[in-house]
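Whatever order the structure lists ligands and atoms in, that order sets their numbers, starting from 1.
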Amino acid sequence: MRALLDQLKAIVGPAGWTSDPIALQPNLTEWRGVVTGKTPLMVAPASTDEVSRVVRACADAHVAIVPQGGNTGMCAGAVPDDSGTQVLLSLGRLNRIREVDAANYSMVVEAGCVLANVQEAARAVNRYFPLSLGAEGSCQIGGNLATNAGGVNVIRYGTARALALGLEVVLADGSVLDGLRSLRKDTAGYDLKQVFIGSEGTLGIITAAVLRLFPEPGETSTAFIAIGDSGDAVRLLSHLRGAHANTIEAFELISARVMRLVAEHLPNARLPFEADYPWYVLLEIATGGNAQAMEDALADAAEASLILDAVIAKNAAEAGELWDVRHSMSEAQRRAGKSLKHDISVPVARMQEFLARGDAVLAELMPDAGLIAYGHVGDGNLHYNVTLPGHLAPAEREAAGAAVTSALYDLAAGLGGSFSAEHGVGVLKKPYLEKYRGGVEFRLMKCLKQALDPENILNPGKVI
Ligand code: FAD
Ligand code: 2HG
Ligand code: ZN
């Protein structure tokens, strides 16, 4: 091991590694503090060639590598295990925007570019990169692709998977797959990039990507809407789709309890309503230059008795404040204490049924639990998070938590849904992959892992 560590330090140079436990602390703990690991060394290569040489050296020494982007992932996939033998590979210094091609609506970026910087580089040439999430100031595009991140604009633009035109990937033996093509049409064999997107660092290390850009959406309008029950959200969505099929940029469902949590733990947040309503929708539409578009849409919806109240942002600053409330929900939960995260999806039309039956699961298995439900309901993705009652002893909490999680995942699966809609599998959801993707699907996943990483050195112990 000693010889390998010296070799890795020589590859990345003095600015590219650390083994200082204090400096490493944030890289060794998942952002909620749920999982903590150890490493003998963190390397931060500054080029694809350095990544390739690091991986080759580790492969020769049969030492495992854990790729890490912004370490904002929700499933503890980016932290090493506690054996103290896994090398941590940070992509943070691989952060150049290599090219922005406005005419081709594409850009080439390195994996360690922070998502907000990618958005900004597109904006600088009047183009739009639509991936947007609460962690965009610190997550990296490589991490976004490795987790197939979703976020708030999936309803119109799709997940990270739909936004990648090409990838550059370092494989488990150190060879480099150069797929940095910026083509919209390419049917030459298998679409290999899709195998790496969503693979959470277990099949290869993404070093760069060609991203798909869009025209800027132009004027948008944002509204926080109070509704009577979760079913009204689904009805409102289908009502809006009648007139605004292709202009709904975001449609988020938010429960009253999450709003109270934000008010309690983030006193600076500017909540849109003084009164408490049962549920809310945060809606953003592209107005196509019609300043009345949102008002007209909401008036229509009010006439159909779908909404109780609404606040329409008067300008970009007010819209930003409404989004700040939405984006602070994970942090409010973190401050509120430990919770079980369930990042599920179901077909949109079955959302209300999931919520009703989910309530019944909680009432039966954990009546004192607190439900924190919100999510990207336009995509059928709900964060059905549960705070455990404080009076349970640790072992009881674990057993009760596992029972609740299993019952909720069974419920989602029974409704044609997924136990993992947008955060991936990592460590925390690994026990469930075989159960819900068993049989042929799981066997094929294992074949892929075996074919691409036969020595199991890429993020072992994660996903599969
Ligand atoms: P990391 O956490 O560093 O890594 C995630 C996984 O990808 C790990 O398995 C890691 O090994 C692997 N990995 C990282 N980089 C690479 C690479 N270059 N090559 C190969 N593997 C790699 N997620 C959503 O989908 N939607 C949301 O709306 C959303 N909102 C969030 C809000 C907050 C406040 C926070 C804290 C998180 C949120 N997330 C959301 C989760 C998280 O931001 C995403 O999963 C994000 O894509 C992770 O990016 P990262 O760079 O932090 O990756
Ligand atoms: C979001 O939609 C993220 O804000 C995080 O996916 C959800 O913290 C969560 O559970
Ligand atoms: Zn989300």
Side-chain angles (χ1 to χ4, degrees), residues 26-27 30-32 45 48 51 55 65-80 86 88-92 94-95 109-115 131-154 159-161 167-170 196-209 250 252-254 258 261 282 323 325-334 336 339-345 372-377 379 381-386 420-428 430 458-463:
N27 302 84
E30 176 266 357
W31 80 278
R32 287 193 296 155
T48 302
V51 176
V55 174
I65 302 165
V66 179
Q68 186 176 89
N71 196 19
T72 67
M74 293 279 179
C75 301
V79 290
Q86 302 187 325
L88 189 56
L89 191 157
S90 163
L91 277 303
L94 206 62
N95 59 1
V109 301
E110 292 184 343
C113 289
V114 169
L115 175 57
L131 186 66
S132 173
L133 42 131
E136 65 197 21
S138 51
C139 64
Q140 299 173 5
I141 193 68
N144 300 146
L145 291 163
T147 55
N148 185 26
V152 295
N153 292 331
V154 172
T159 62
R161 189 180 291 292
L167 285 192
E168 178 186 84
V169 184
V170 172
F196 299 98
I197 298 175
S199 71
E200 301 178 57
T202 62
L203 300 181
I205 298 176
I206 299 168
T207 47
E252 300 278 308
L253 177 67
I254 296 163
V258 194
L261 215 60
L282 181 53
W323 277 110
V325 172
R326 169 63 183 88
H327 286 318
S328 63
M329 288 171 183
S330 298
E331 180 58 21
Q333 276 173 91
R334 193 181 68 82
S339 63
L340 296 172
K341 287 197 182 287
H342 304 108
D343 159 42
I344 63 94
S345 58
I372 309 162
Y374 62 103
H376 321 286
V377 163
D379 322 315
N381 175 195
L382 188 71
H383 300 304
Y384 193 90
N385 300 337
V386 175
S420 179
E422 68 167 7
H423 297 157
V425 175
V427 173
L428 301 181
K430 187 180 165 196
L458 292 179
N459 222 359
K462 314 285 167 54
V463 183

Near ligand 2 (heavy atom, under 4.0 angstrom), the protein residues are M74, R326, S330, Q333, K341, Y374, H376, H383, N385, E422, H423
Distance col, row S339:OG vs L261:CG, nearest 0.5 angstrom, shows 9.0 Å
In Å and rounded to the nearest 0.5 Å, what is the CG to CZ distance from L145 to R161? 9.5 Å
Residue from K341, Q333, E422 passing side-chain hydrogen bond (donor to acceptor under 3.5 Å, both in side chains) with H383: E422
How long is the straight-line distance from NE2 of H423 back to OG1 of T147, given to the nearest 0.5 Å? 8.5 Å
In chain order, what residues pass the salt bridge (charged side-chain N to carboxylate O under 4.0 Å, His left out) check against E110, with sequence neighbours excluded? R96, R98
Metal-centred angle, the Zn ion (ligand 3) as apex - OE2 of E422, NE2 of H383, 10° resolution: 100°
Who passes salt bridge (charged side-chain N to carboxylate O under 4.0 Å, His left out) against E30, sequence neighbours left out? R32
So how far is it from S199 OG to L458 CG, rounded to the nearest 0.5 Å? 9.0 Å
For N144 and A160, which heavy atoms make the closest approach, and how far apart are they? O-CB, 3.7 Å
Within the 4.0 Å heavy-atom sphere of ligand 1, strictly under, residues: W31, P67, Q68, G69, G70, N71, T72, G73, M74, G77, A78, L91, A111, L133, G134, A135, C139, Q140, G142, G143, N144, A146, T147, A149, G150, G151, E200, G201, G204, I205, I206, S330, H376, E422, H423, N459
Nearest heavy-atom neighbours spanning N381 and A421: ND2-CB, 3.3 Å
Electrostatic pair E252:R326 at N-O distance under 4.0 angstrom: yes
